[in-house]
Structures are given as C-alpha cells and as structure tokens.
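Just so it is clear, the values below take in all heavy atoms, side chains as well, and ignore hydrogens, waters and symmetry mates.
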Amino acid sequence: MKAFSRSEVGVAAGRPIPEVNAQHGFVASRSSLFSAILLDEIKVRLESHDFLAVGRLMAIRRDAWNVQNTNQPHCDRVVANTASLAGWKIAWMPDARVYYLPPKAYSGLRSDWQRTRLGLHATLLTFDPIPTSTKIGAMWVSAFRFPSGAFLWAMVRIFLTVEAQFKRKTMTGQHVHWA
C-alpha cells in the first residue's frame, strides 16, 4: 500500500511468495512456482515497464481500474497498459511481498493462460516488448535456481500451445494428423 501514497501511482507490483502444497497438483504448483521466480527475475532487470504488473502479483487503485474499457478482457497486462495510457504510473515495490496460491490443477493453469492470451489478442493496445537479453538472463538464473520447475514450466507451456492449436484447427474444420 506504500506505493499508493504517491497519488500518480495506479498500479503497484510486488515480489511473489507462492504458497505451494506439494500434495496437490505437483506439476501445476511447480510450474506456477517457476513462473513466479521467472517473473521476479524479469522485474529485477526492468526499471519501468508495463510487464512489472502481472498476474496475481499486483494491486490496482480503484480509479485506475475504472479507466478500463469494459469491452476488453481484464488480463493483467491489458489492465496495466490501459492504466498507463490513461496517465497512471506503474510502480514496482521490491520490498512488498505478495502471497498467493498458484493453480493446483492443469485446468487452473489453462484458464489463466487462456485469459491472458485472449486478453492480449483482443486488445489493440501496444505493449512494450521485453528485451531479449532480459528474458534470457532471467530464464538462465531462474532455471539454475529451480531446474525441475523450469522443466515442468516448459512442458506445460508446450502442452498448452499444442492444445490451443489443436482446438483452433478443430474449430475451423481443419483435419489434424499427428505424426
């Protein structure tokens, strides 16, 4: 809440503290844990970027939320970018800790992933791309810290992508042949 003492700040992001229960959804929980570590490493390398406010790791001032176009899905980056275009600042508070429960099942991961993809595709907003060197550096450090999580995260993302392509081809009436 300290970020909002500055009247120009509309969105504030904190550092992730995922609460992972190893008894439920091992793959989903470990993949989400790696996501949180990776996002944190990216944020550390960025000073000012709409990507600073992502997922369950941000707080939004009510007035900044109210500038949203209700015709667009409210995924994290759409909210942050729209607030920024309306003149609100995005602040990263590295001393703020955000406790969150990652999805415990693949269906939860799929839901989060689809909402973000749909939100980004449905909007006409332009997002500041994350520099490749930032992504590579963050990925390297994160994979070194949590290699099994990195493997599960990559496998889940591949499966989500293949599943989405299969569903899209099926919905358009195209036949899919698996080799």
Side-chain angles (χ1 to χ4, degrees), residues 3 11-60 73-81 84 90-121 123 125-168 178-179:
V11 181
R15 298 188 86 153
I17 307 285
E19 294 184 3
V20 178
N21 183 345
Q23 295 175 341
H24 296 92
F26 179 81
V27 172
S29 294
R30 297 297 175 196
S31 175
S32 295
L33 177 59
F34 182 78
S35 287
I37 291 169
L38 178 60
L39 294 175
D40 195 46
E41 288 296 330
I42 289 172
K43 287 179 185 183
V44 167
R45 291 162 172 73
L46 298 171
E47 291 182 23
S48 177
H49 200 280
D50 66 74
F51 189 74
L52 291 178
V54 288
R56 301 176 178 136
L57 308 176
M58 66 182 185
I60 305 161
H74 283 77
C75 82
D76 44 14
R77 294 197 66 195
V78 170
V79 169
N81 194 270
S84 178
I90 298 173
W92 184 50
M93 306 298 294
D95 56 332
R97 301 290 187 258
V98 180
Y99 295 89
Y100 77 100
L101 294 172
K104 294 179 181 173
Y106 176 76
S107 60
L109 285 174
R110 182 193 304 123
S111 174
D112 287 352
W113 188 78
Q114 286 175 340
R115 186 177 57 252
T116 300
R117 280 182 55 115
L118 289 173
L120 294 177
H121 289 303
T123 183
L125 301 176
T126 304
F127 294 94
D128 185 15
I130 300 167
T132 302
S133 60
T134 298
K135 287 190 275 189
I136 291 171
M139 183 64 79
W140 176 256
V141 170
S142 302
F144 183 74
R145 285 177 53 197
F146 192 36
S148 64
F151 175 77
L152 292 172
W153 179 86
M155 292 300 101
V156 166
R157 294 311 181 277
I158 290 168
F159 193 75
L160 285 167
T161 302
V162 168
E163 183 182 42
Q165 289 175 351
F166 179 76
K167 196 176 274 188
R168 186 176 63 233
W178 298 94

Pairwise distance CH2(Trp92) to CG(Asp40) - rounded to 0.5 angstrom
5.5 Å
Might you point out which heavy atoms bring Arg145 and Ile37 nearest each other, and give the distance in Å?
NH1-CG2, 3.8 Å
Within the distance-only criterion (no hydrogens, no angle test), does the side chain of Ser32 pair as donor or acceptor with the backbone N or O of Ala28 below 3.5 angstrom?
yes
With Pro131 as partner, the option from Ile136, Leu46, Ile42 fulfilling side-chain contact (heavy atoms from CB on, under 4.5 Å) is Leu46
Working to the nearest 0.5 Å, report the span between CH2 of Trp153 and CG of Leu38.
5.5 Å
Beyond-backbone contact of Lys135 with Pro129, side-chain heavy atoms, under 4.5 angstrom
no
Between Ser142 (side chain only) and Ala138 (backbone N and O only), is there a donor and an acceptor less than 3.5 Å apart?
yes
Would you find a donor on one side and an acceptor on the other, under 3.5 Å apart, between the side chain of Lys43 and the backbone of Met93?
no
Residues Arg15 and Val44: closest non-hydrogen pair is NH2-CG2, 3.7 Å
Closest non-hydrogen atoms of Phe34 and Met139, given as atom of the first, atom of the second and distance, are CZ-SD, 3.8 Å
Nearest 0.5 Å, please: how far is CE in Met58 from CD1 in Ile90?
8.5 Å
Walk me through it: do Leu160 and Arg157 pass the test side-chain contact (heavy atoms from CB on, under 4.5 Å)?
CA-CA 5 Å; Leu160 285 167; Arg157 294 311 181 277; 4.3 Å; yes
